[in-house]
Amino acid sequence: MSDKSKSALQEIFKSDETIDIVIIDNLEKAPMMEERLFYVRGDATDEETLLRANLPRAKGVIIFADQITQDNYATKDPLLVDGKTLLFATAITSIEEKTKTSIHVTAEVINQKHIPLFERVKADEFIPTQEMISHAAVRSLFTHGVTHMYSELISTKI
């Protein structure tokens, strides 16, 4: 489990003390233990796995770009990473159609050019990771202190 996933979990727990979280992964055991955290071992593109995770009742889904895919290739290919994320989003769309439910999907996208493909599978929101970091860095050159604003927006301090 990536550090950004762990941070997101902690932020969700702090933001809503009643919400339960389900993680889907292929790890041998749950990556962390929390009272309101449930772990479903399996393939997140598999309909049976998504139904075991009770996906139709989910408030929403966050799909983070696969850090392992990013780290395991000599040439970091955003196509591979975004392709895997897109498969997950497609599987969720399939469950939505079969169960006639609407599930809010937020997907981390490595290459912003891929966003139209995610829109086709009804992903609702996108986090264009590389572009956001690059944009913040460049803005800080021209508008000193702008990164403080970004930091405030994403701060976990309440």
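Bear in mind that the values here come from a model prediction, so they are computed numbers and not experimental data. Values below: every heavy atom of this structure, side chains too, minus hydrogens, waters and symmetry copies.
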Between A44 and A91 the two heavy atoms that sit nearest each other are O-CB, 3.9 Å
When rounded to the nearest 0.5 Å, the distance separating OG1 of T90 from CG of L117 is 9.5 Å
Nearest heavy atoms of V81 and A65, plus distance in Å: CG1-CB, 3.5 Å
May I have all residue pairs that pass salt bridge (Lys or Arg N to Asp or Glu O under 4.0 Å) and include part of residues 30-39, sequence neighbours excluded? none
If hydrophobic clusters are built by linking Ile, Leu, Val, Met, Phe, Trp and Tyr wherever their side-chain heavy atoms come under 4.5 Å apart, do F126 and V121 end up in the same one? yes
For residues N111 and L79, determine if any side-chain heavy atom of one lies less than 4.5 Å from a side-chain heavy atom of the other. no
R57 meets the salt bridge (charged side-chain N to carboxylate O under 4.0 Å, His left out) criterion, sequence neighbours left out, with none
Output the rest of the hydrophobic cluster of L55: all Ile, Leu, Val, Met, Phe, Trp and Tyr residues reachable through side-chain heavy-atom contacts under 4.5 Å, sorted by chain and number. V22, I24, F38, V40, L50, L51, V61, I63, F88, I92, I95, I103, V105
Rounded at 0.5 Å granularity, tell me how far CD1 in I62 sits from CD1 in I21. 8.0 Å
Sequence neighbours excluded, the answer for side-chain contact (heavy atoms from CB on, under 4.5 Å) partners of L27 is D25, P31, Y39
Please list, chain by chain and in numerical order, all residues satisfying salt bridge (charged side-chain N to carboxylate O under 4.0 Å, His left out) with E97, sequence neighbours excluded. K122
Nearest heavy-atom contact between N26 and R41 is O-NE, 3.4 Å
When you measure from the side chain of T49 to the backbone of T45, do you find a donor-acceptor pair of N or O atoms at a distance under 3.5 Å? no
Mind checking the OG1-CD spacing from T101 to E96? Nearest 0.5 Å is all I need. 6.0 Å
Point-to-point distance, once rounded to the nearest 0.5 Å, from OG1 of T106 to CZ of F64: 9.0 Å
In the structure I gave you, are the side-chain heavy atoms of E11 and S15 within less than 4.5 Å of one another anywhere? yes
Rounded to the nearest 0.5 Å, what separates atom CD in E125 from atom CD in E108? 14.0 Å
K98: salt bridge (charged side-chain N to carboxylate O under 4.0 Å, His left out) partners, not counting sequence neighbours: E47
Which pair of non-hydrogen atoms, one from D82 and one from I110, has the smallest distance, and what is that distance? OD1-N, 2.7 Å
Working to the nearest 0.5 Å, report the span between CG of D66 and CG of L87. 11.5 Å
